[in-house]
Amino acid sequence: MYPNIIFFLIDGLRADQFYGNDRTCKTPNFDSLIQKGMYCEQATSSVDGTFISLNTILASNFQVGNATKHQKLVLNQNNLIDILKKNGYHIYGIFPNLTSFNSLRQYFENEKNSYDWIEPNIPPVSLPTGLATKIIQLLESKEKQEPYFCYFHIFDLHPLREGKKPIGIEEFDNEKFGSSMYAKTVSSIDHWLGNILKKIDLEKTLLVITSDHGERIPFENKSHLDFQPRFDSAVKAGRKYLPRSLHKVGGKFSGKVKNTIGRIKQSSTNVGLTSYQKRSRDPYFTLSLYDELIRVPLLFVGTSIKPRIITKQVRHVDIFPTIFELIDIPLDIKISGKSLVSATNEISEEEEPNYLHTMPYQKLSPLDRVGIRTSKYKYFRALRDSKKNVNLYDLENDPYENNNIAQTHKQLVARLENKILKLQKDNLSEYEEKISEKELQRISNELKRLGYM
């Protein structure tokens with residue numbers, strides 16, 4: 001019988017907070033799993049946002065052309081989940097109650113497959129406030145059939161993107177568990193994952209842990225919001241004395257004034273900081289292809305896996321080819337990914353480049369970028385003009401991407417640009433996303449409530 005597969009995606013978890021010495025969070029459970037499994041210390045996402053990232057993972061194909069416009073999970077016919085089903089796998093899972101997940105939700109055999117996150121007047125559910133219990137209940141369910149594939153999407157870090165404090169981490173809100181709210185939340189996630197792991201039999205399970213993208217951790221714990229003035233008294237007065245019809249206009253004006261003052265104060269405070277430190281204070285939803293937004297953890301643990309650290313770059317598109325080789329199911333569909341199981345000799349094994357694309361919004365943005373990454377170099381530029389906003393970084397000597405060397409390495413820029421064009425040509429899909437106006441409006445409303453638009 002095939003092994004069970006449990007797939008944890010921890011939204012917004014950056015690689016350097018999962019593994020390595022440059023962190024202050026406490027993660028005994030992550031650390032123990034890494035010692036037992038195959039950990040990819042240079043795993044990279046192709047995008048800085050959730051749903052294009054998930055489409056890249058679940059299709060094992062780079063998202064180019066029409067695919068970059070997707071605002072939801074898109075599972076084409078004979079997709080990787082279909083192949084698991086055809087080979088006898090039962091599909092289960094739990095994720096936030098967002099419309100964008102519906103195409104995957106249709107595969108789930110468990111009815112209780114979502115948790116509240118965006119419902120008005122209902123507190124979002126996190127691991128400490130009920131999600132861990134839901135996951136454990138599913139794992140212990142006697143109705144669940146084997147072999148199974150379980151997908152769990154953890155949103156505990158997402159409140160930071162929304163400008164809010166993570167939910168239910170009071171027990172971890174002290175310096176013992178990290179020097180930032182982000183680190184403290186990672187410590188909380190590790191604790192609750194430890195409780196869940198007690199219910200998983202790793203002798204007959206393939207466990208996969210990764211993330212959709214990374215995240216900013218503001219330098220000195222000061223985000224862009226900390227530089228904005230508070231107008232509480234003025235807002236109260238405005239609501240009291242202005243006609244209700246002018247409240248929205250007044251709110252927009254107040255917001256513009258706050259943002260302007262905040263930018264001036266932040267610019268003054270940023271004097272002398274590195275580029276990495278400065279951009280760590282950018283608003284959370286600022287489009288970006290820097291490594292803090294695309295480096296992710298990637299760990300495989302199971303009985304057939306020999307413990308080791310893979311140091312070369314691997315990509316989201318490589319995850320499912322690796323899963324399928326580990327469970328011994330052949331793949332005969334066109335994919336961009338490559339299994340990591342056979343990469344026993346990292347010196348002789350040729351590294352594959354990763355195609356990069358910023359998360360698209362409904363409207364074009366001057367921050368839209370496209371690029372390519374290897375272990376040695378990162379190159380990206382403006383999406384619609386290859387001569388604008390050209391960036392090139394030597395990742396081996398400048399891992400924090402502080403020094404743009406594009407002007408002094410034009411031949412390398414040209415070579416990497418050609419690689420982008422080839423990847424786009426090889427991965428171009430004519431598939432058009434089928435989405436009704438009603439569904440698009442519902443998705444747009446949800447993304448706005450999450451802060452994406």
Side-chain angles (χ1 to χ4, degrees), residues 11-12 14 44-53 55-56 62-71 158 160-163 212-219 223-225 227-228 255-256 258-260 262-264 266-267 270 273-296 316 354-373 377-393 395 400-407 413 416-417 420-421 423-424 443-444 447-448 450-453:
D11 200 291
R14 49 192 274 173
T44 53
S45 169
S46 286
V47 69
D48 57 340
T50 300
F51 293 106
I52 303 300
S53 172
N55 282 330
T56 304
F62 296 123
Q63 303 294 283
V64 302
N66 294 326
T68 63
K69 302 172 186 176
H70 295 155
Q71 295 182 7
H158 206 278
L160 293 170
R161 276 206 154 196
E162 301 167 46
D212 49 352
H213 54 77
E215 190 56 275
R216 294 171 176 84
I217 300 178
F219 179 64
S223 73
H224 73 288
L225 296 173
F227 297 98
Q228 294 183 354
K256 288 182 179 179
K258 288 172 65 176
N259 287 335
T260 300
R263 282 194 295 268
I264 294 171
Q266 184 174 335
S267 178
N270 282 351
L273 300 187
T274 66
S275 296
Y276 169 75
Q277 291 167 342
K278 290 177 182 178
R279 65 179 185 261
S280 76
R281 293 172 170 175
D282 286 343
Y284 282 106
F285 292 97
T286 303
L287 300 178
S288 171
L289 292 178
Y290 289 103
D291 264 15
E292 59 265 25
L293 268 295
I294 65 167
R295 284 282 296 273
V296 296
H316 266 162
N354 194 18
Y355 177 76
L356 309 176
H357 195 299
T358 48
M359 176 179 61
Y361 293 120
Q362 287 181 316
K363 297 179 181 179
L364 298 178
S365 167
L367 294 176
D368 292 338
R369 299 284 186 269
V370 65
I372 195 168
R373 188 190 189 282
Y377 295 104
K378 163 90 68 66
Y379 163 66
F380 61 89
R381 43 83 169 172
L383 174 63
R384 289 169 288 280
D385 189 337
S386 62
K387 303 301 181 183
K388 288 186 178 181
N389 303 122
V390 178
N391 285 258
L392 176 67
Y393 297 96
L395 298 177
Y400 291 100
E401 299 165 285
N402 286 315
N403 303 303
N404 183 1
I405 60 173
Q407 289 300 316
V413 166
L416 293 174
E417 176 66 24
I420 288 178
L421 298 178
L423 283 171
Q424 289 176 331
I443 290 173
S444 297
L447 292 178
K448 285 177 183 177
L450 288 172
Y452 282 94
M453 296 190 295

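Here the closest non-hydrogen pair linking His316 and Val296 is NE2-CG2, 3.9 Å.
Within the model, atoms CG of Leu287 and OG1 of Thr358 stand 5.0 Å from one another, a figure rounded to the nearest 0.5 Å. From Thr56, atom OG1 reaches atom CZ of Phe51 across 13.0 Å, with rounding to the nearest 0.5 Å. Note that the CD atom of Gln63 and the CD1 atom of Ile52 stand 6.0 Å from one another [nearest 0.5 Å].
Considering only residues two or more places apart in sequence or on other chains, Tyr400 meets the side chain to side chain contact (heavy atoms under 4.5 Å, CB included) condition with Asp22, Tyr276, Asn402. Partners of Arg369 under the side chain to side chain donor-acceptor pair (under 3.5 Å) rule, at least two apart in sequence or in another chain, do not exist in this structure. Residues meeting the side chain to side chain contact (heavy atoms under 4.5 Å, CB included) test with Lys387, sequence neighbours left out: Asp385. Remark: Tyr290 pairs with Tyr393 by the side chain to side chain donor-acceptor pair (under 3.5 Å) rule, at least two apart or across chains. Qualifying side chain to side chain donor-acceptor pair (under 3.5 Å) partners for Ser46, counting only residues two or more places apart in sequence or in other chains: Asn354. Considering only residues two or more places apart in sequence or on other chains, Arg295 meets the salt bridge (Lys or Arg N to Asp or Glu O under 4.0 Å) condition with Asp291.
Judged purely by atom type and a 3.5 angstrom limit, Ser280 uses its side chain to pair as donor or acceptor with the backbone of Phe219. Lys378 places a side-chain N or O within donor-acceptor distance of the main-chain N or O of Leu289, the cut-off being under 3.5 Å. Using modelled atom types, no side-chain atom of Ser53 and backbone atom of Val47 make a donor-acceptor pair closer than 3.5 Å. Counting only distance, with no hydrogens or angles, the side chain of Asp48 and the backbone of Met359 share a donor-acceptor pair below 3.5 Å. Between the side chain of Arg381 and the main chain of Leu383, a donor-acceptor pair closer than 3.5 Å is present.
Between Ser288 and Asp282, every side-chain heavy-atom pair lies at or beyond the 4.5 Å cut-off. Two residues are said to be in side-chain contact when any heavy atoms from C-beta on lie closer than 4.5 Å; Arg384 and Asp368 meet this criterion. The shortest distance between side-chain heavy atoms of Thr286 and Arg216 falls below 4.5 Å.
No side-chain donor-acceptor contact under 3.5 Å links Tyr284 and Glu162. Side chains of Asp212 and Thr50: a donor-acceptor N/O pair is present below 3.5 angstrom, by distance only.
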Quick one: do Asn391 and Glu401 satisfy side-chain contact (heavy atoms from CB on, under 4.5 Å)? Show the steps, please. CA-CA 10 Å; Asn391 285 258; Glu401 299 165 285; over 6 Å; no

Stepwise side-chain contact (heavy atoms from CB on, under 4.5 Å) check, Arg373 with Ile294: CA-CA 10 Å; Arg373 188 190 189 282; Ile294 65 167; 4.1 Å; yes

Quick one: do Gln424 and Tyr355 satisfy side-chain contact (heavy atoms from CB on, under 4.5 Å)? Show the steps, please. CA-CA 8 Å; Gln424 289 176 331; Tyr355 177 76; 3.1 Å; yes

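Stacking of Arg161 on the aromatic ring of Phe285 is recorded, both the 6.0 Å distance cut-off and the 45° axial limit being met.
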